[in-house]
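One structure is given below, encoded as structure tokens.
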Amino acid sequence: ALANVSLDHIGQARLLYQLVADIQADGSTEDSLAYFRDTEDFRNYALVELPNRVPLVGYAKGDMDYGTTIVRNFLYSALMALVWEKLQSSSNAQLAAIAAKSLKEVRYHLRHSRDWLVRLGDGTDESHQRCQAALDALWGYVPELFDSDAVDDAAAASGLGPRCADVQGTWTTEVGEVLAEATLTPPADSRFRSTGKRGVHTEHMGFILADMQYLQ
């Protein structure tokens, strides 16, 4: 299932990069945008560049954790289901078509991660502990999902796409309902603000790009 989710994300990225390349008309391609840009040239939420590691004392630092994978996928998919839905009405016909296709995929991503989150959160003591620890570790990166800047404002004004802040209320309600069903408690908000959307990334982004861009 996770392999299929990954393939969906790659397919969405290819469509979006090629659309950007067509608009720029400067010789860019989907490959050049993916493989020949430096870390600071990427604009993405820091949440999606974090490693899937066990955020619990007593485990080896490099241990991978399915709970972290599921919590992160759920938080992100819950957002993108709302964003793709609104992008279906984009003033750019190509983007609207991409959104219609992507919405079907992300609804599956959301259903998959939601079902596993409830199963694990309300499961054994260890599965609950792992999911709660993952939620505690990732929650500080959630506010960035709804930060708006001049680019978001311009996109909304032109009808290209929504501000993510416009869906924050719905996201908060829907996520809160699932977390309650999973017997998980979101931590208190902090002053921390991640900045991947502005091109200032965590230390993990460079390693991701080094692995990915080695292919070219």
Side-chain angles (χ1 to χ4, degrees), residues 5-6 9-10 12-21 23-24 26 28-55 61-62 64-65 68-69 71-84 86-87 95 102 106 109 133-158 160-168 171-172 175 186-216:
V5 170
S6 298
H9 284 309
I10 291 172
Q12 292 166 15
R14 290 191 63 187
L15 291 170
L16 292 171
Y17 277 150
Q18 192 55 58
L19 175 58
V20 171
I23 292 173
Q24 291 184 164
D26 59 358
S28 298
T29 66
E30 60 182 81
D31 283 342
S32 67
L33 292 171
Y35 293 117
F36 294 98
R37 289 190 297 155
D38 291 331
T39 304
E40 63 272 12
D41 298 322
F42 282 81
R43 301 289 187 271
N44 59 268
Y45 299 124
L47 176 71
V48 300
E49 65 192 47
L50 301 175
N52 296 331
R53 293 177 183 160
V54 181
K61 185 177 181 181
M64 297 293 103
D65 181 50
T68 300
T69 298
V71 171
R72 186 241 302 280
N73 284 6
F74 170 71
L75 297 175
Y76 180 71
S77 297
L79 171 68
M80 292 310 299
L82 298 172
V83 172
W84 284 124
K86 287 189 174 294
L87 282 172
L95 181 55
S102 300
V106 79
H109 304 170
L135 185 63
D136 292 345
L138 297 174
W139 194 255
Y141 296 88
V142 165
E144 186 189 4
L145 304 182
F146 306 105
D147 285 343
S148 295
D149 56 21
V151 175
D152 297 297
D153 294 338
S158 68
L160 183 65
R163 300 179 186 86
C164 286
D166 295 340
V167 302
Q168 183 172 7
W171 182 93
T172 300
V175 167
D189 293 335
S190 69
R191 294 182 179 180
F192 171 75
R193 252 324 189 267
S194 51
T195 53
K197 188 177 174 180
R198 300 206 305 266
V200 183
H201 299 276
T202 68
E203 67 273 21
H204 309 293
M205 185 64 170
F207 292 103
I208 293 172
L209 290 183
D211 283 343
M212 184 182 76
Q213 294 181 341
Y214 179 79
L215 292 173
Q216 59 86 15

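These values consider heavy atoms only, across backbone and side chains, with no hydrogens, waters or symmetry-generated copies.
- We find the CG-CG distance between Leu135 and Leu75 to be 6.5 Å, quoted to the nearest 0.5 Å.
- Of all heavy-atom pairs spanning Arg72 and Leu50, the tightest one is NH2-O, 2.8 Å.
- Other residues, nucleotides and ligands contribute at most 12 non-hydrogen atoms within 6.0 Å of the CZ atom of Arg198.
- Using a 4.5 Å cut-off on side-chain heavy atoms (C-beta onward), Phe36 and Asp31 make no contact.
- Judged by distance alone, the side chain of Gln213 and the main-chain N or O of Arg37 form a donor-acceptor pair under 3.5 Å.
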Exercise. Salt bridge (charged side-chain N to carboxylate O under 4.0 Å, His left out) between Asp166 and Lys86: does it pass, once the steps are laid out?
Worked result: CA-CA 10 Å; Asp166 295 340; Lys86 287 189 174 294; over 6 Å; no
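- Aromatic ring orientation, Tyr76 versus Tyr45: perpendicular (interplanar angle above 60°, classes split at 30° and 60°).
- The nearest pair of heavy atoms linking Gly206 to Thr39 is CA-OG1, 4.0 Å.
- Side-chain atoms of Thr195 come within 3.5 Å of backbone atoms of Val200 as a donor-acceptor pair (strictly under, hydrogens ignored).
- Distance check, rounded to the nearest 0.5 Å: SG of Cys164 to CG of Asp152 gives 6.5 Å.
- Asp26 places a side-chain N or O within donor-acceptor distance of the main-chain N or O of Ser28, the cut-off being under 3.5 Å.
- Leu33 and Gln24 get closest at one heavy-atom pair: CD2-NE2, 4.4 Å.
- In this structure, the side chain of Ser77 does not engage the main chain of Phe74 through any donor-acceptor pair within 3.5 Å.
- The structure places CH2 of Trp139 at 10.5 Å from CG of Leu47, a figure rounded to the nearest 0.5 Å.
- Atom CG of Leu145 is separated from atom CE of Met80 by 10.0 Å, given to the nearest 0.5 angstrom.
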For this session: Test Glu49 against Phe42 for side chain to side chain contact (heavy atoms under 4.5 Å, CB included), laying out the working first.
Result: CA-CA 11 Å; Glu49 65 192 47; Phe42 282 81; over 6 Å; no
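- We find the CZ-CD distance between Arg14 and Glu30 to be 4.0 Å, quoted to the nearest 0.5 Å.
- Salt-bridge formation is not detected for the pair Arg43/Asp149: no Lys NZ or Arg NE/NH1/NH2 atom is positioned less than 4.0 Å from an Asp or Glu carboxylate oxygen.
- By the side chain to side chain donor-acceptor pair (under 3.5 Å) test, Thr68 pairs with Asp65, sequence neighbours left out.
- Taking all atoms of both residues into account, the shortest heavy-atom contact from Gly161 to Leu87 is CA-CD2, 3.6 Å.
- In plain terms, the two heavy atoms of Met205 and Asn44 that are nearest each other are CE-OD1, 3.2 Å.
- Contact check on Glu144 versus Lys197 returns no salt bridge, with no Lys/Arg side-chain nitrogen under 4.0 Å from an Asp/Glu carboxylate oxygen.
- Screening residues 188-216 for ring-ring contact (aromatic ring centres under 6.0 Å, His included), with sequence neighbours left out, gives Tyr141-Phe192.
- Taken from NE2 in His9 to OG in Ser102, the straight-line distance is 10.0 Å, to the nearest 0.5 Å.
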